[in-house]
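Notes to accompany the following structure.
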Number of protein chains: 2
Amino acid sequence: MARWEPDARGRLEKAAMDLFIEQGYERTTVGDIAARADLTERTFFRYFADKREVLFSGSKDLEKMILDHIAAAPRDLPALDVLAAAYAAAGTGIEDRRAIEYVRARYALVTRHADLQERELIKLAGLTAATVGGLTARGVAAPTAALAAELGMAVFKLGFERWATSRTPRDFAGHVRAALADLRALAAAPPPSRRPRRA
Amino acid sequence: MARWEPDARGRLEKAAMDLFIEQGYERTTVGDIAARADLTERTFFRYFADKREVLFSGSKDLEKMILDHIAAAPRDLPALDVLAAAYAAAGTGIEDRRAIEYVRARYALVTRHADLQERELIKLAGLTAATVGGLTARGVAAPTAALAAELGMAVFKLGFERWATSRTPRDFAGHVRAALADLRALAAAPPPSRRPRRA
DNA sequence: ACGAGTGATGTCGTAAGCTGACATCAGCCC
DNA sequence: GGGCTGATGTCAGCTTACGACATCACTCGT
């Protein structure tokens, strides 16, 4: 018999999520979480740098998936299409009932607490930075890669938001593609050009 | 004679900035800041919700300036141009020596500390949300406004970054306009279209 | 001019987040 | 068997953040 129950990290994550839903994020202390997972507060902080981080273990996997998709994309695909395809593909993992429930619960938590939103935003910024790396590795020039990554992130955010707030989320990939199409339409549309631009 | 030295908030902001630069953000406690401003820790927390917030008093002004510019823009200007112009105009306030020094010092601090970066990101997200409001007030449809605001923010970020990292920052507006042009070029470029897209 | 009220600040106490230093001890390796 | 390893526990302490209450110069109404 093992000396300790296995998967301390997983137990902490589950305990945290359960408690956050049961009694709210703020009213749940790290001590509560640790107790529910049969561990001590100190151990919690060995696994997670801070209280918020317990909700973000997935971001590393997401980043890896997206980078893999970027690396594997056809070489002649324009950067924006590469990114949209990568996001769409990475999103297919969240389409079963279980996952959707989790993602929505988590989404609700994050949008309700500025704390968590901050962490989410910096994770996405990290993802953007990683994306720049992935694109430059494909030979995209650095400034272009930076811009493309920003636009890709906008597409991802909007696609996700529309997907998450639709009554019964499905077809994540479709939402992402639609967001990209909208982006192209908006960016491409120089004015109904009533008068010529100077120069 | 007044009962207290005037401008407690301003004194706290200056003390904080000075100490952060002198001895680093993390090694400076709220107590240190308050002491340097001849106030108590408790008073600090009456002016600022938390330690980070002391660096972000400017974000409200920035938001107001940008919203004003959006509201005042010619009615037939496309959303993206409205935003780029608003950012460019709002940025003209930071072009004198004093301001540049402050902005750069602050930028260095923020990029070096994840804590502060998180706060910065959520402030920008708030600015994005406000921008959506400003656009819809002009009659832009909500989904378009959301997308335009995201793209506008990308332009602002990139423009600012390029401006801030240039050896001697000048012509903020030019950087913003250039970022927008780059965005249009990148988004407009559907592939060198070797093969037709399906459908 | 005087007493009540106001508002910025101070004092005190405390919960929660987070960290360093050291202790424990089952299982593994030699 | 004995020592090493690594996950966990224990303990002490600092910092952040906030509620409750005290203080007291200034103001305003009468």
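Residue numbering restarts at 1 for every chain, and letters A, B, ... go by the order of the sequence lines. This one's a predicted model, so the numbers in the text were calculated from it and none came from an experiment.
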task: Mind listing the closest non-hydrogen atom pair of B:Glu63 and B:Leu127 along with its distance?
output: CA-CD1, 3.8 Å
task: Starting from P on D:dA20, measure out to CZ on B:Phe45 and report it in whole angstrom.
output: 18 Å
query: Between atom CG of B:Leu39 and atom CD of B:Glu5, what is the distance when rounded to the nearest 0.5 Å?
result: 9.5 Å
- request: For B:Thr43 and B:Thr40, test the side chains for any donor-to-acceptor distance below 3.5 angstrom and give the result as yes or no.
  value: yes
- prompt: Can you tell which of D:dG19, D:dA17, C:dG20 lies closest to the side chain of A:Arg42?
  reply: C:dG20
statement: Regarding the side chain of B:Thr40, the nearest nucleotide among C:dA8, D:dT16, C:dG10 is C:dG10
- prompt: Rounded to whole angstroms, how far apart are CG on A:Asp115 and P on D:dT16?
  reply: 16 Å
query: Which nucleotide, D:dA25, D:dG6, C:dG17, lies nearest any side-chain atom of B:Arg3?
result: D:dA25
Distance-only donor-acceptor test, A:Arg46 side-chain atoms vs D:dG6 base atoms, 3.5 Å: no
query: Taking CD from A:Glu41 and C1' from C:dT19, how many angstroms apart are they, rounded to a whole number?
result: 11 Å
message: In this structure, how many angstroms lie between the C1' atom of D:dA7 and the CD atom of A:Glu5, rounded?
response: 14 Å
- request: Please report, rounded to the nearest Å, how far the C1' atom of C:dG17 is from the OH atom of A:Tyr25.
  value: 10 Å
Between P of C:dG10 and CZ of B:Phe44, the distance in whole Å: 14 Å
- request: Could you check which of C:dG7, C:dG17, D:dT16 has an atom nearest any side-chain atom of A:Thr29?
  value: C:dG17
statement: Which of C:dT9, D:dA7, C:dG20 is nearest the side chain of B:Tyr47? It is C:dT9
message: Nearest whole Å is fine: how far is C:dG17 P from A:Phe48 CZ?
response: 15 Å
message: Both B:Trp4 and B:Arg52 contact DNA chain D. Taking the nearest nucleotide for each, which residue is further toward the 5' end?
response: B:Arg52
query: Is the cationic atom of B:Lys51 (NZ for Lys, CZ for Arg) positioned less than 6.0 Å from the six-membered ring centroid of B:Tyr25 and within 45 degrees of its normal?
result: yes
message: A cation-pi test, strictly: NZ or CZ of A:Arg106 under 6.0 Å from the centre of the six-membered ring of A:Phe56 and no more than 45 degrees from its axis. Yes or no?
response: yes
- line: DNA chain C nearest-nucleotide lookup for B:Ala8 and A:Glu26: closer to the 5′ end is B:Ala8
query: Can you tell me how far P of C:dC18 sits from CG of A:Leu12, to the nearest Å?
result: 14 Å
